[in-house]
**Q** 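Attaching a single structure in structure tokens format; questions to follow.
Numbering of ligands and ligand atoms starts at 1, following listing order. Just so we're clear, the structure is a prediction, and the values are computed from it rather than from any experiment.
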Amino acid sequence: MKKIVTIQDISCFGKCSLTVALPIISAMGIETAVIPTAVLSTHTGGFQGYTFRDLTGDISSIADHWKKLGLKFDALYTGYLGSKEQIKIVSDFFDDFGRKDNFIIVDPVMGDSGKFYAGFNDDFVKEMAVLCGKADFIIPNMTEASLLLGIPYAEKYDRIHAENVLKKLAGLGCRVPVLTGVNFNDGKEGAAAYDSVNDKFYYSFRNHIDRSVHGTGDIFASVFTGAVSLGMNLQQALDISVNYTVDCIEATLPNFDEMWYGSAFELCLGKLIDYVKENMK
Ligand code: PXL
């Protein structure tokens, strides 16, 4: 059985980060160990007055214990990190637990729609860009990609811009950058990836849905991590991640008033399991 570790916060209410990564990766038949970086009462996207307990000090203690136990993982996957100090600790974690035969996947969670999430700034971006250089795969949206590269965020762009951005992201040092939320204003939305080893671009699209659903970046990155850990190729990994993410958005629409803070991803887990079975035949 494959085994991965994911390092990100627990937002106790709101359906993002660990509360989606854990059920999704587990549903794909993969053992999922977790290191929580912080505990928040809710995520920061639209709730007021949330609590934030920083767990930076616990990350190294957990890693030290795991080193003594000799634990090994098929993938190391990071999401929302709360401070520059946490990035440094996670970087050490990669040195300790990264191997030739496992993958490092960094989702550089920092913002969306051209804006930072609460609490992030330019100093954090610099450190995150360095962490991305240690990864095999990074999974930014266009906002995060623009921040990482220090280029202006473009709301509208074409394929040439997306491919330029992907090539520049590979210049940070990661083998395969994956851009999420890719949209060329042709009624489609999906993801694009660049395999810098083979100098090849990959795309996957579904019909665009004109509604932004919170936590979909975490859903995409979780499925993508599961897919590459299971040995799927890049096109398969993109397709399954786009399909499940869009299924989750579609399932959320009838529930949107009640569930404005997250997705109805639970309703689609059966489909995800079917997608995994089809791809693993
Ligand atoms: O979905 C990304 C994310 C993760 N964790 C926390 C967040 C967000 C986005 O707003 O607030 C705490």
**Q** Quick one: which ligand 1 atoms are inside 4.0 Å of a heavy atom on C16?
**A** 1 (O), 4 (C), 5 (N)
**Q** Does L22 belong to the same Ile/Leu/Val/Met/Phe/Trp/Tyr cluster as I24, with side-chain heavy atoms less than 4.5 Å apart forming each link?
**A** no
**Q** If you measure every N/O of H214 against every N/O of ligand 1, is any gap under 3.5 Å?
**A** yes
**Q** Can you find a side-chain donor-acceptor pair between S229 and D74 that sits under 3.5 Å?
**A** no
**Q** In terms of heavy-atom contacts, does CZ of R53 have more than 12 from other residues, nucleotides or ligands at under 6.0 Å?
**A** no
**Q** State the atoms of ligand 1, each with its element, that fall below the 4.0 Å cut-off from a heavy-atom position in S11.
**A** 6 (C), 12 (C)
**Q** Which heavy-atom pair separates A27 from L269 by the least distance, and what is that distance?
**A** CB-CD2, 4.0 Å
**Q** Between Y275 and D247, is a side-chain hydrogen bond (donor to acceptor under 3.5 Å, both in side chains) present by the stated rule, with each step listed?
**A** CA-CA 12 Å; Y275 291 150; D247 291 344; 2.5 Å; yes
**Q** Checking the N or O distance criterion of under 3.5 Å, is ligand 1 in contact with H43?
**A** no
**Q** Please confirm whether Q8 comes under 4.0 Å of ligand 1, counting heavy atoms of the residue only.
**A** no
**Q** Anything under 30° is parallel, anything over 60° is perpendicular, the rest tilted; go ahead and classify F224 against F137.
**A** perpendicular
**Q** What residue and atom, counting heavy atoms only, is the protein's closest point to atom 2 (C) of ligand 1, and at what distance?
**A** D218 OD2, 3.4 Å
**Q** To the nearest 0.1 Å, how far is atom 3 (C) of ligand 1 from its closest protein heavy atom, and which atom is that?
**A** Y80 CD1, 3.9 Å
**Q** If the threshold is 4.0 Å, N to carboxylate O, is there a salt bridge linking D274 and K271?
**A** no
**Q** Looking only at heavy atoms of G217, does any of them come nearer than 4.0 Å to an atom of ligand 1?
**A** no
**Q** Looking only at distance, does T44 have an N or O less than 3.5 Å from an N or O of ligand 1?
**A** yes
**Q** Would D9 count as being in polar contact with ligand 1, using the rule that some N or O on each side must be under 3.5 angstrom apart?
**A** yes
**Q** Check whether the side chains of T143 and K115 place a donor and an acceptor atom closer than 3.5 Å, and report yes or no.
**A** no
**Q** State the atoms of ligand 1, each with its element, that fall below the 4.0 Å cut-off from a heavy-atom position in V109.
**A** 2 (C)
